[in-house]
Asker: 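First the structure, then my questions, so here it is.
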Amino acid sequence: MFIAVNRFTVKPEMREAFEQEWTTRETFWAGVPGFVSFRVMKMDGDQPIYLSQTTWASREAFQGWIGSEAFMKAHAGAHGLSHFYAAPTELSTYEVIRAEDAA
């Protein structure tokens, strides 16, 4: 299993608009080989920091997504969102070495 996390530091005055954008935008995950799950989370506290997390069956599945037409569609308007950010976005990737899920 492979996880990709994007960290967004959002300008305080853009918090509501950022959340609106991320709760309504189309993701294009349907039919993408190896896609497992997607989440957008916000950190507790006053600083508006958000994480988007995608979980993949493998690193290869994630790399396939990056090179796919679905990825291009999902990110077509992403450059127009830079006005939300107080800092550059940060991508971190993780190889899962142990996972347990509820039965």
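Start at 1 with the first residue, then count along the sequence.
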Asker: Does Val40 belong to the same Ile/Leu/Val/Met/Phe/Trp/Tyr cluster as Phe28, with side-chain heavy atoms less than 4.5 Å apart forming each link?
Answerer: no
Asker: Quick check on the hydrophobic clustering: are Leu91 and Ile3 connected, directly or via other members, by side-chain heavy-atom contacts under 4.5 Å?
Answerer: no
Asker: Test of understanding: with side chain to side chain donor-acceptor pair (under 3.5 Å), list the residues that count as partners of Ser37, not counting sequence neighbours.
Answerer: Arg39, Thr55
Asker: Linking directly or through intermediates, with side-chain heavy atoms under 4.5 Å: list the remaining ILVMFWY members grouped with Met43, chain and number order.
Answerer: Ile49
Asker: Write down the atom of Ala74, the atom of Trp65, and the distance for their closest heavy-atom approach.
Answerer: CB-CH2, 3.9 Å
Asker: Answer yes or no: are there more than 12 heavy-atom neighbours, outside Gln47 itself, under 6.0 Å from its atom CD?
Answerer: yes
Asker: When you group the ILVMFWY residues by side-chain heavy-atom contacts below 4.5 Å and let the links chain together, are Tyr85 and Leu51 in the same group?
Answerer: no
Asker: I'd like a table of donor-acceptor pairs (distance under 3.5 Å, sequence neighbours excluded) in which one partner is a side-chain atom from residues 8-15, with atom names and distances.
Answerer:
{"residue": "Lys11", "atom": "NZ", "partner": "His83", "partner atom": "O", "Å": "3.2"}
{"residue": "Arg15", "atom": "NH2", "partner": "Asp46", "partner atom": "O", "Å": "2.9"}

Asker: Please find the pair of heavy atoms, one from Ala61 and one from Ala57, that lie closest to each other, and give the distance.
Answerer: CB-N, 4.5 Å
Asker: For the pair Phe62 and Phe2, name the ring-plane relationship: parallel under 30°, tilted 30 to 60°, perpendicular over 60°.
Answerer: tilted
Asker: Show your working on side-chain contact (heavy atoms from CB on, under 4.5 Å) between Thr89 and Phe84 and close with a plain yes or no.
Answerer: CA-CA 11 Å; Thr89 60; Phe84 288 141; over 6 Å; no
Asker: Give a yes or no on this: more than 12 heavy atoms of other residues, nucleotides or ligands lie within 6.0 Å of atom CD of Glu95.
Answerer: yes
Asker: When you group the ILVMFWY residues by side-chain heavy-atom contacts below 4.5 Å and let the links chain together, are Met41 and Val5 in the same group?
Answerer: yes
Asker: What do the steps show when you test Phe38 against Trp29 for ring pair (Phe, Tyr, Trp, His ring centres under 6.0 Å), and what is the final call?
Answerer: CA-CA 9 Å; Phe38 171 67; Trp29 302 120; 5.3 Å; yes
Asker: Any non-hydrogen side-chain atom of Ser52 less than 4.5 Å from a side-chain atom of Trp22?
Answerer: yes
Asker: Going hydrophobic residue to hydrophobic residue with side-chain gaps under 4.5 angstrom, can you get from Met1 over to Val32?
Answerer: no
Asker: Identify the heavy atoms of Ser92 and Tyr94 that sit nearest to each other, and give their distance.
Answerer: CB-OH, 3.3 Å
